[in-house]
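One structure is given here, and the rest of the page talks about it.
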Amino acid sequence: MKKLLYISIAAIALTSCQPEFNDPVDEQGFYSSGDADFSNFVAVGNSLTAGYADGALYLNGQQNSFPSMLAIQFKHVGGGDFTQPLVNDNFGGLLANGNQITDNRRVIVLGTDGSQTPEILDGTPTTDISNVLEGPFNNMGVPGSKIFHLVANGYGNIANLELGAANPYFVRMASTTDASIIEDAASQNPTFFSLWIGNNDILSYATSGGIGVDQSGNLDPTTYGENDITDPNVFAKVYNDLLTALTNGGAKGVVANIPNVTTIPYFTTVPYNAIPLDAQTAGVVNQAYAQYNGGLLQAQSFGLITAEEVAQRTIQFSAGQNAVVILDEDLTDLTGINPGLTNMRQATAEDLLPLTTSSILGTLADPNNPQSIIGVAVPLTDGQALTATEIEMVTNAQTAYNTTIEALATQYDLAFVDVEALMNQLANGGISFDGGNITNTFATGGAFSLDGVHPTQRGYAVIANQIINAINEKYNATIPALNPGAYPTIFVK
């Protein structure tokens, strides 16, 4: 049986050039900083602030990070220099004392064979974190950081890497081994700041397929696992602490909320019904599942599960597109009475399949067994699907985070950017700009890079414009907007 799902990228007319700016000289004094001072702009956040895209932090992406874009526009209204902890190359990945420690290398599209499929860019990373850069840096975006990481002392200590208590991206830019991200940011005495944090506090749980813990009620972030959801109470306390530090010298700023994971291509690209079968094959598969379906009815007769759960778990294929078979830990565990009654069911439209499953659906779990087709005879594991129950946990946390962000923006009298609404707009028809339109469609939509999570440089430009709009409205400024069409989307080799 051939691979059931193969993501290809066709008819892409893209550019990898750097943007050119032709903004008019402000001879008439049209541009104004309004009530804000942009002379020392500091951006705080995670990978989205750093300019991460296509699965990596690479030089071109950093140079066109949204804070860098903002800084260029701020120069029209008295903005100063903007420094970033630039990596050495466009490959991604990091070294430590000459040894590779991360394999987060850049994804590109190879267009020479006509299939235009995503591939890892060939090349050897050259950015060594043991070569600590001399700051300070206006861009304090640290990929991988959650909100409580921003206040963690020693998060930039290379000795803490093996303990999981440090971040390699912060190691190469921290002022001292004991510094925290927020300390390094606040010590620069910014006159204006941006804060966009919280995505990773739910995203790592979501992208792991819900392998983690809903941390509701847990106020100690030091006990969190890598993929756990940050407790909303912890989020609220730390967010307030961050704003206290950033506004201590009278700085004004802009904050952004968290988009819903259901709007990013990482979760919207692979359909739940990704299994195409003809009638004959469907009949063979149904015969193989007959014993499992019969066992469910027997369990119902013993009062172990309800009729509703039997219907939910019954597996049935037909000619055409079929739902993928997944494991679901929230189903009643029947393996104690019958090891064959695994906690599995077919996915529904309410479940989400991560982008990474596109490479395994329809392949064989056992190369020597032609029947071991993943998604058909072999269910996707818990980490390869996000169930409706898990999505609800993510959404509840996101809603709580966003409530906090907007409330504190009001309390501290800051500009507020509704990125959630922006992403919803991308998912529902897209956003138009002078010369085009971008959507959240994977690869071809223009808004998202090839990791399905981070925007393209064009997508970041659209976000930057939204930020500029919020700043202009809040602080009576007239900062000029960007032309998103001047920025590239994905790279085709």
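With a 6.0 Å cutoff to the six-membered ring centre and a 45° limit on the axis angle, R106 counts as a cation-pi contact of Y58.
Taken to the nearest 0.5 Å, the OG1 atom of T124 stands 8.0 Å off from the CD atom of Q100. Taking OG from S194 and CZ from F192, the interatomic distance works out to 8.0 Å, rounded to the nearest 0.5 Å. Rounding to the nearest 0.5 angstrom, the gap separating the CD1 atom in I147 from the CG atom in L242 is 5.5 Å. Here CD1 of I229 is found 11.0 Å from CD of Q398. Values are rounded to the nearest 0.5 Å. Atom-to-atom distance recorded for F38:CZ and F74:CZ is 5.0 Å, nearest 0.5 angstrom. Note: I182 CD1 to L150 CG = 6.5 Å, rounded to the nearest 0.5 Å.
Side-chain atoms of I431 and L422, non-hydrogen and from C-beta on, do get closer than 4.5 Å to each other. Side chains of S145 and F170 form no contact here, defined as non-hydrogen atoms less than 4.5 Å apart. Residues V378 and I373 form no side-chain contact, since every pair of their non-hydrogen atoms from C-beta on lies 4.5 Å or further apart. For the pair I490/F448, no side-chain contact is recorded, criterion being any heavy-atom separation below 4.5 Å from C-beta on. In this structure the side chain of L408 reaches within 4.5 angstrom of the side chain of N240, judged on heavy atoms. Side-chain contact check for T262 versus T268: every heavy-atom pair is 4.5 Å or farther apart. Looking at N199 and N46, their side chains come closer than 4.5 Å, going by heavy atoms from C-beta outward. Taking the side chain as every heavy atom from C-beta outward, E226 and S204 never approach each other to under 4.5 Å.
Between the side chains of H149 and Y155, a donor-acceptor pair is found at a separation under 3.5 Å. There is a side-chain donor-acceptor pair under 3.5 Å between D89 and T126. Looking only at atom types and distance, the side chain of T244 has a donor-acceptor partner in the side chain of Y412 under 3.5 Å away. Between the side chains of N424 and T263, no donor-acceptor pair of N or O atoms lies under 3.5 Å. For the residue pair D418 / N257, a side-chain donor-acceptor distance below 3.5 Å is found, with atom types taken as modelled. Side-chain contact check for D351 and T387: no donor-acceptor pair (N or O, by modelled atom type) lies under 3.5 Å. Counting only N and O atoms by type, the side chains of N104 and T102 include no donor and acceptor under 3.5 Å apart. One side chain, Q84 or N139, offers a donor N or O that lies under 3.5 Å from an acceptor on the other.
Under the side chain to side chain contact (heavy atoms under 4.5 Å, CB included) rule, I258 has a single partner from I405, V419, N200, T399, which is I405. Here the rule is side-chain hydrogen bond (donor to acceptor under 3.5 Å, both in side chains) with Q215, and of D228, T230, D231 only D228 fits it. Each of L57, L59, L94 was checked for a side chain to side chain contact (heavy atoms under 4.5 Å, CB included) with T127, and the lone residue meeting it is L94.
Side chain of S432 to backbone of N437: no donor-acceptor contact under 3.5 angstrom is found. In this structure, the side chain of N167 engages the main chain of P143 through a donor-acceptor pair within 3.5 Å. Between the side chain of T439 and the main chain of L426, no donor-acceptor pair closer than 3.5 Å is present. Under a 3.5 Å cut-off, the side chain of S449 and the backbone N or O of D54 do form a donor-acceptor pair. Not a single donor-acceptor pair under 3.5 Å links the side chain of D328 to the backbone N or O of I326. Looking at Q62, its side chain does come within 3.5 Å of a backbone N or O of P85 through a donor-acceptor pair. Remark: side-chain polar atoms of Q457 are not paired, donor with acceptor, to backbone N or O of Y487 under 3.5 angstrom. In this structure, Q73 contributes its side chain and L70 its backbone to no donor-acceptor pair below 3.5 Å. Here the side chain of T410 pairs a donor or acceptor atom with the backbone of E406 at under 3.5 angstrom. Side-chain atoms of T456 come within 3.5 Å of backbone atoms of G446 as a donor-acceptor pair (strictly under, hydrogens ignored).
Counting non-hydrogen atoms of neighbouring residues, nucleotides and ligands closer than 6.0 angstrom, the CD atom of E350 reaches no more than 12 such neighbours. Within a 6.0 Å radius of CG in D35, other residues, nucleotides and ligands contribute more than 12 heavy atoms.
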Contacts table for residues 461-471: side-chain donor-acceptor under 3.5 angstrom, sequence neighbours left out:
unit_1 : atom_1 : unit_2 : atom_2 : d
N465   : OD1    : L482   : N      : 2.7
N465   : ND2    : L482   : O      : 3.1
N469   : ND2    : N465   : O      : 3.4

- [ ] Could you check D413 against K474 for salt bridge (charged side-chain N to carboxylate O under 4.0 Å, His left out), going step by step and ending with a plain yes or no?
- [x] CA-CA 9 Å; D413 198 24; K474 178 65 179 178; 2.4 Å; yes

- [ ] Begin from the C-alpha positions of I360 and L380 and carry the test side chain to side chain contact (heavy atoms under 4.5 Å, CB included) through to its verdict.
- [x] CA-CA 9 Å; I360 62 171; L380 293 178; 4.0 Å; yes

Open item on the list: What verdict does the side chain to side chain contact (heavy atoms under 4.5 Å, CB included) test give for Y266 and T207, after you've listed the backbone C-alpha separation in whole Å, the side-chain angles of each residue and the deciding distance to 0.1 Å?
Closed with: CA-CA 8 Å; Y266 191 87; T207 56; 3.7 Å; yes

Open item on the list: Applying side chain to side chain contact (heavy atoms under 4.5 Å, CB included) to Q63 and S68, what does each step give before you reach the verdict?
Closed with: CA-CA 7 Å; Q63 290 169 331; S68 180; 5.8 Å; no

TODO: Give the intermediate values and the outcome of side chain to side chain contact (heavy atoms under 4.5 Å, CB included) for residues Y401 and Y239.
DONE: CA-CA 9 Å; Y401 297 171; Y239 205 97; over 6 Å; no

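The shortest non-hydrogen separation linking G459 to I438 is CA-CD1, 4.3 Å. Minimum heavy-atom separation, V42 to A185: CG1-CB, 4.0 Å. Of all heavy-atom pairs between D451 and L355, the closest is O-CD2, 4.0 Å. The heavy-atom pair separating F137 from Q188 by the smallest distance is O-NE2, 2.8 Å. Residues I264 and G452 come closest through the heavy atom pair CB-O, 3.7 Å. When all heavy atoms of N227 and Y205 are compared, the pair lying nearest together is O-CB, 3.0 Å.
For the pair D81 and K75, the salt-bridge criterion is met [side-chain N within less than 4.0 Å of a carboxylate O]. With respect to the salt-bridge test (charged N to carboxylate O, under 4.0 angstrom), the residues K146 and D201 do not qualify.
Taking E329 as the reference, D382, E390 meet the side-chain contact (heavy atoms from CB on, under 4.5 Å) condition, with sequence neighbours excluded.
For F235 and F148, the distance between ring centers is not under 6.0 angstrom. F82 has its ring centre less than 6.0 Å from the ring centre of F41.
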